[in-house]
Amino acid sequence: MAGDGRRRRLPLSLRRNAVAWERQRPTWRDAKPALIAGALKRAQARPSGNWYVVGSSRDVGGARRGGGRGAGQEVVVWRDTGGRVVAGPGVCPHLGAPLRDSPVRCGTLVCHWHGLSLDGGPFAGWEPFPAYDDGVLVWVRLDAVGGEEPLDAPVVPSRPVPARALTAVYAGVGVCEPEDVVANRLDPWHGAWFHPYSFDDLTVADTPESAGEDAFAVDVSFKVAGRLVVPVRAVFTAPEPRTVVMHITEGEGVGSVVETHATPLGPDVSGRPRTAVVEAVVAASDRRGFALARAAAPVLRPLVRAASGRLWRDDLAYAERRWALRSTGRFPGA
């Protein structure tokens, strides 16, 4: 680890004896396909209770409603007059209008085709879906397509209290399946090779084979500028089939998490699977200056989303490539 647990006066470190990208120690022997495949298989066996992430809590409120697809179904999400998240099919039961395009008035969704009004309760053949707002993300339970024993609430990872954290949510879409996104996150060895603009000095300290728990522990330095870095230990776990969580356990921002959620969207016009990646950054720190960061959240959130987007530009290409090889029987992994 880049530190011995003692508190640094400043979160930054000056990287010494920097090694050029091409002179890093190769990690391909350590990134054993069977090890990654085993972690993925165990994640897929964990219960989700049929819950799917559909977006950011911040994007649903007042006159704003969320919409999209979950497991191939059109879904619409909004808040009632009490601020409770409600959800249901995104197809109007009258003549099929896309309800994601309809406005919300005083907690009621009003179809913009013929004025059919929905307050969140069953009406005219429209039946709500169970919905859950965890303070950062909105989840919808889709029992008809999930195929599992339903759970009363989703498997929400342990995270800092949102009110005392800086939160930002990125969303992107790729031509792949959720397992390709999860497999990407369960391969920490690619970080410093594939994302040299963000990570340096990456070492996988523990794997499920060696740690005695189903987790990958990684010592890594997040790049800030030039040779300035923030060294941390990050632990990756998969609490349910479509989620991988990175917890910062040592170094700056202990307790902070990055959650990656993969939601299947159904096929595109060519019949290829599409998956939404919804990544939530929940950053925390006990430094006195962190209160200023929370106060500047409206300015910082777009920057955090942009950083996530840069990483996911590459990682979605990684996931898409994996699916393309799998779907044609050419994937060399286990």
request  = Taking the side chain as every heavy atom from C-beta outward, state whether Y52 and P154 have any atom pair closer than 4.5 Å.
outcome  = no
Separation between CG (D187) and CG (D30), nearest 0.5 Å, reads 11.0 Å
Find out if a path of hydrophobic residues (ILVMFWY) with successive side-chain heavy-atom gaps under 4.5 Å connects L99 to W113. no
Value for CG (L300) from CZ (R294), rounded to nearest 0.5 Å, stands at 12.0 Å
Exercise. Does any non-hydrogen side-chain atom of V145 lie less than 4.5 Å from one of Q73?
Worked result: yes
Rounded to the nearest 0.5 Å, the CZ atom of R310 sits from the OG atom of S308 at a distance of 12.5 Å
### Message
A side-chain contact here means heavy atoms from C-beta on lying under 4.5 Å apart; do T260 and V277 qualify?
### Response
yes
**Prompt:** Does the ring centre of W21 sit less than 6.0 Å away from the ring centre of W193?
**Reply:** yes
Of all heavy-atom pairs linking A215 and V235, the shortest is CB-CG1, 3.8 Å
Rounded to the nearest 0.5 angstrom, the NE2-CD1 distance for H190 and I36 is 9.5 Å
Quick note, side-chain hydrogen bond (donor to acceptor under 3.5 Å, both in side chains) partners involving residues 32-46, not counting sequence neighbours, are R42-D214, R46-D214
Exercise for the section: Count the heavy atoms belonging to other residues, nucleotides or ligands that lie under 6.0 Å from CZ of R58, then report whether that count exceeds 12. Expected result: no
Practice item. Using modelled atom types only, decide if a donor and an acceptor are shared between the side chain of S285 and the backbone of G253 within a distance under 3.5 Å. Key: no
Note to self: Does R79 form a side chain to side chain contact (heavy atoms under 4.5 Å, CB included) with V86? I'd like the steps, not just the answer.
What the structure shows: CA-CA 6 Å; R79 294 187 189 274; V86 293; over 6 Å; no
#### Entry: Side-chain donor or acceptor of K223 paired with backbone N/O of P196 under 3.5 Å
yes
I'd like to know if L316 and L186 are part of one continuous hydrophobic network [Ile/Leu/Val/Met/Phe/Trp/Tyr, side-chain heavy atoms within less than 4.5 Å]. no
Is there a donor-acceptor pair under 3.5 Å between the side chain of S327 and the backbone N or O of W323? yes
Correct closest heavy-atom pair for W189 and T207 would be CZ2-CG2, 3.8 Å
- Item | Any donor-acceptor pair under 3.5 Å from E148 side chain to G49 backbone | yes
- Just by modelled atom types, is the L137 backbone N or O under 3.5 Å from a matching donor or acceptor in the S57 side chain? yes
query: Are R242 and E179 within salt-bridge range, i.e. N to O under 4.0 Å?
result: no
request  = May I ask you to decide if A324's main-chain N or O and T328's side chain share a donor-acceptor pair within less than 3.5 Å?
outcome  = yes
Side-chain donor or acceptor of T263 paired with backbone N/O of V53 under 3.5 Å: yes
Heavy-atom nearest pair, P128 first then G121, reads CD-C, 4.2 Å
Checklist line | side chain to side chain contact (heavy atoms under 4.5 Å, CB included) assessment of V254 paired with T249 | finding: CA-CA 5 Å; V254 168; T249 60; 5.8 Å; no
Review point. Hey, does the side chain of S48 reach the backbone of N50 with a donor-acceptor pair shorter than 3.5 angstrom?
Key: yes
*hydrophobic_cluster_shared for F290 and V257, side chain cutoff 4.5 Å*: no
In this structure, CG of D80 is separated from CG of L118 (nearest 0.5 Å) by 13.0 Å
Minimal heavy-atom distance between P162 and G135, with the atoms involved, is CB-O, 4.3 Å
Problem - Heavy-atom side-chain proximity of D201 to D219 below 4.5 angstrom - result: no
d(D143 CG, L151 CG) to nearest 0.5 Å is 9.5 Å
Residue pair W312 / V181, side-chain heavy-atom distance below 4.5 Å
yes
Tightest non-hydrogen contact, residues L166 and A297, listed as CD1-CB, 3.5 Å
message = Are W139 and F129, when compared by the centres of their aromatic rings, separated by less than 6.0 Å?
response = no
In terms of hydrophobic clustering (I, L, V, M, F, W, Y; side-chain heavy atoms under 4.5 Å; direct or indirect links), are F236 and V281 co-clustered?
yes
| query | When you look at V229 and F222, which way does the side chain to side chain contact (heavy atoms under 4.5 Å, CB included) test go after all the steps? | reply | CA-CA 5 Å; V229 296; F222 291 96; over 6 Å; no
May I ask you to decide if C176's main-chain N or O and T275's side chain share a donor-acceptor pair within less than 3.5 Å?
yes
query: Distance-only, no hydrogens or angles: does the H261 side chain make a donor-acceptor pair with backbone N or O of V244 under 3.5 Å?
result: no
*asked:* Looking at D180 and R185, is there a salt bridge between them, counting it only when a charged N and a carboxylate O are closer than 4.0 Å?
replied: no
The complete set of ring pair (Phe, Tyr, Trp, His ring centres under 6.0 Å) pairs with one or both residues in residues 70-104, sequence neighbours excluded, reads W78-W126, H94-H114
Of all heavy-atom pairs linking L311 and Y197, the shortest is CA-OH, 3.7 Å
Below 4.0 angstrom, N of the basic side chain to O of the carboxylate: do R305 and E279 qualify? no
Next on the checklist: Using side-chain heavy atoms (C-beta onward) and a distance below 4.5 Å, is L142 in contact with W51?
Outcome noted: no
Atom CZ of R330: over 12 foreign heavy atoms under 6.0 Å: yes
* **Within-4.5 Å side-chain heavy-atom neighbours: H247 and R159** => no
Hey, are the side chains of P178 and P264 touching, using non-hydrogen atoms and a 4.5 Å cut-off? yes
- Apply the test side chain to side chain contact (heavy atoms under 4.5 Å, CB included) to residues T108 and S117: give CA-CA distance (whole Å), side-chain angles for both, the deciding distance (0.1 Å), then the verdict. CA-CA 6 Å; T108 296; S117 296; 3.7 Å; yes
Taking a hydrophobic cluster as the set of Ile, Leu, Val, Met, Phe, Trp and Tyr residues connected by side-chain heavy atoms closer than 4.5 Å, whether directly or through intermediates, do V230 and M246 fall within one such cluster?
yes
